[in-house]
2 protein chains.
Amino acid sequence: MSAKTETPRERYRAQVRAEIKDHAWRQIATAGASALSLNAIAKLMGMSGPALYRYYAGRDELITELIKDGYRSLADRLRAAADDGADVRALARAVRGWALEDPNRFFLLYGTPVPGYHAPDETTVISAEIMAVLLDTWSREPGAPTAEDPETPFAAHLRDHRAWSRGHPAPPAVLHRALSLWARVQGVLSLELAGQFTGMGFDAEAFFEAEITDLVTTAAAGRPAPSAQ
Amino acid sequence: MSAKTETPRERYRAQVRAEIKDHAWRQIATAGASALSLNAIAKLMGMSGPALYRYYAGRDELITELIKDGYRSLADRLRAAADDGADVRALARAVRGWALEDPNRFFLLYGTPVPGYHAPDETTVISAEIMAVLLDTWSREPGAPTAEDPETPFAAHLRDHRAWSRGHPAPPAVLHRALSLWARVQGVLSLELAGQFTGMGFDAEAFFEAEITDLVTTAAAGRPAPSAQ
DNA sequence: CCTGATGAGTTAGAAGCTATAACGAAAACT
DNA sequence: AGTTTTCGTTATAGCTTCTAACTCATCAGG
């Protein structure tokens with residue numbers, strides 16, 4: 001990071017912006033993103049309402065920044081896990097750990113989209129980085145599908161629509177596996193964190209493990225070509 | 001339905017409540033649940049603000065009613081599909097069709113939970129009804145797991161935690177399958193409808209089909225006992 | 001038929017929010 | 001030292017939910 005001789009003012013400004021974000025995260029963690037209030041943050045920081053607009057153009061800009069930081073934290077976590085030699089299972093567990101750490105942060109990124117909001121390019125770049133970690137990890141997985149295995153129809157489709165993998169060398173079957181991992185993790189986590197399992201009595205973590213086990217073992221066993229579309 | 005000789009007043013009241021819900025659904029469909037405004041609905045109906053509080057105690061009660069109706073509509077849809085002899089695949093497609101019909105309705109039920117809100121008993125009853133349809137359909141599925149198949153660890157866990165199935169005779173392996181179906185459908189749909197796939201270029205419907213195909217075919221093929229965990 | 005209760009709708013207002021405008025004061029640059 | 005930039009303030013508009021108090025119509029019983 002090029003620390004380009006910051007003036008004291010710039011440093012102060014950056015520090016205040018950071019403090020605002022800090023309060024914002026605390027607020028989100030306790031009451032969800034919808035409860036985020038610039039006014040309340042300002043008062044918490046001892047200054048009055050509109051002062052915050054010197055630091056963030058508005059609620060949307062602050063939320064955008066939070067989303068960007070959220071993606072960044074997940075990407076870093078997964079990258080670190082991968083660097084530690086995590087396999088697919090460990091990677092999935094890393095995602096779950098990250099999500100349980102702050103469920104509302106998870107929902108900020110992967111929950112109900114906010115009406116008018118449109119993700120800036122930076123977040124899609126980080127998303128691609130996350131996808132790259134998934135692809136790398138699947139590629140290293142012992143029983144991962146290879147180019148020789150029979151190809152599912154959807155893998156064939158991905159052969160022609162793999163721009164999102166940004167030149168990653170993984171074969172289409174691995175792209176398919178990575179998307180499945182993403183979707184299945186998302187499925188369990190969004191249900192679990194939204195409280196859809198409460199009252200059902202079974203262990204959500206055990207279910208999560210079962211889903212990942214299924215994903216990994218059916219990949220290792222190879223799979224019969226599906227009969228019906 | 002016992003039409004218990006309604007007075008004209010009661011009929012009027014019921015009709016106004018229905019009209020309010022109608023506007024609310026329209027608002028939710030176009031701008032999401034967070035944009036739902038009692039004030040705006042009142043003005044749209046030609047009456048001024050607080051008049052609505054004669055019909056709904058507050059925003060929360062209206063949303064609760066909408067959520068209940070939402071679950072009802074999904075449950076009815078699935079029940080109808082099952083009555084038409086739908087197999088697991090068709091049932092999954094029915095869920096997706098229902099979700100695509102009004103994505104914000106899907107998110108109202110299965111998206112980011114609203115902070116203070118707690119689901120009333122009625123919705124959990126309807127949820128159980130939906131689950132029953134899933135279990136029925138899986139039980140009828142030709143290649144569904146039986147009590148003789150080797151049992152996954154999670155199915156064993158479900159053997160002792162199956163209160164949520166409310167006395168349904170399906171074996172634990174089928175309970176497991178039903179939960180998997182739920183989670184996998186939820187995974188693809190929440191990502192797709194939140195726009196997480198936009199810009200990636202592949203066909204979300206094809207991915208959905210592939211997920212269901214995988215779920216159904218691995219069930220039919222039986223599965224090797226997982227080595228780890 | 002007339003009277004009294006019930007319920008619908010009104011305006012006024014409190015408390016909260018986002019956001020803009022106009023202004024004072026402090027700090028930094030020239 | 002003077003000028004400009006930046007920070008923080010108050011005032012204000014417009015929106016929200018929701019309560020309180022009041023008017024008026026409708027409906028039921030004597």
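Just so it is clear: chains get the letters A, B, ... in the order the sequence lines come, proteins before strands, and each one is counted from 1.
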Near-strand residues of residues 17-38 of chain B, defined as heavy-atom separation under 4.0 angstrom from DNA chain D: Leu36(B), Ser37(B), Leu38(B)
Scan nucleotides 3-5 of chain D against the protein and return all N/O pairs shorter than 3.5 Å with their distances rounded to 0.1 Å.
none

Interatomic distance where CG belongs to Leu62(B) and P belongs to dT16(D) [whole Å]: 15 Å
Please list, in numerical order, the residues of residues 41-59 of chain B that have a heavy atom closer than 4.0 Å to any atom of DNA chain D. Pro50(B), Tyr53(B), Gly58(B), Arg59(B)
Tell me, please, the opening and closing nucleotides of DNA chain C, 5' to 3', among those with an atom under 4.0 angstrom from a non-hydrogen atom of chain B. dT6(C) to dA12(C)
Is a salt bridge present between Arg77(B) and Glu101(B), judged by a nitrogen-to-oxygen distance below 4.0 Å? yes
Listing, residues 127-137 of chain A side-chain donor-acceptor contacts under 3.5 Å, not counting sequence neighbours, or none:
unit_1: Ser127(A); atom_1: OG; unit_2: Thr123(A); atom_2: O; d: 3.2
unit_1: Glu129(A); atom_1: OE1; unit_2: Arg72(A); atom_2: NH2; d: 3.0
unit_1: Glu129(A); atom_1: OE2; unit_2: Arg72(A); atom_2: NH2; d: 2.8
unit_1: Asp136(A); atom_1: OD1; unit_2: His168(A); atom_2: NE2; d: 2.6
unit_1: Thr137(A); atom_1: OG1; unit_2: Val133(A); atom_2: O; d: 2.8

Angle between ring planes, Phe106(B) versus Tyr110(B), binned at 30° and 60°: parallel, tilted or perpendicular? tilted
Test your reading of the model: is there a side-chain donor-acceptor pair from Asp102(B) to the backbone of Ala29(B), 3.5 Å cut-off? no
Side chains of Ser37(B) and Gln27(B): any donor to acceptor distance under 3.5 Å? no
Without decimals, in angstroms, what is the distance between Glu10(A) CD and dC7(D) P? 10 Å
Would you say Ser139(B)'s side chain and Ala170(B)'s backbone share a donor-acceptor pair under 3.5 angstrom? no
Residues in ring pair (Phe, Tyr, Trp, His ring centres under 6.0 Å) contact with His23(A), at least two apart in sequence or another chain: none
Determine whether more than 12 heavy atoms belonging to other residues, nucleotides or ligands lie under 6.0 Å from atom CG of Asp121(A). no
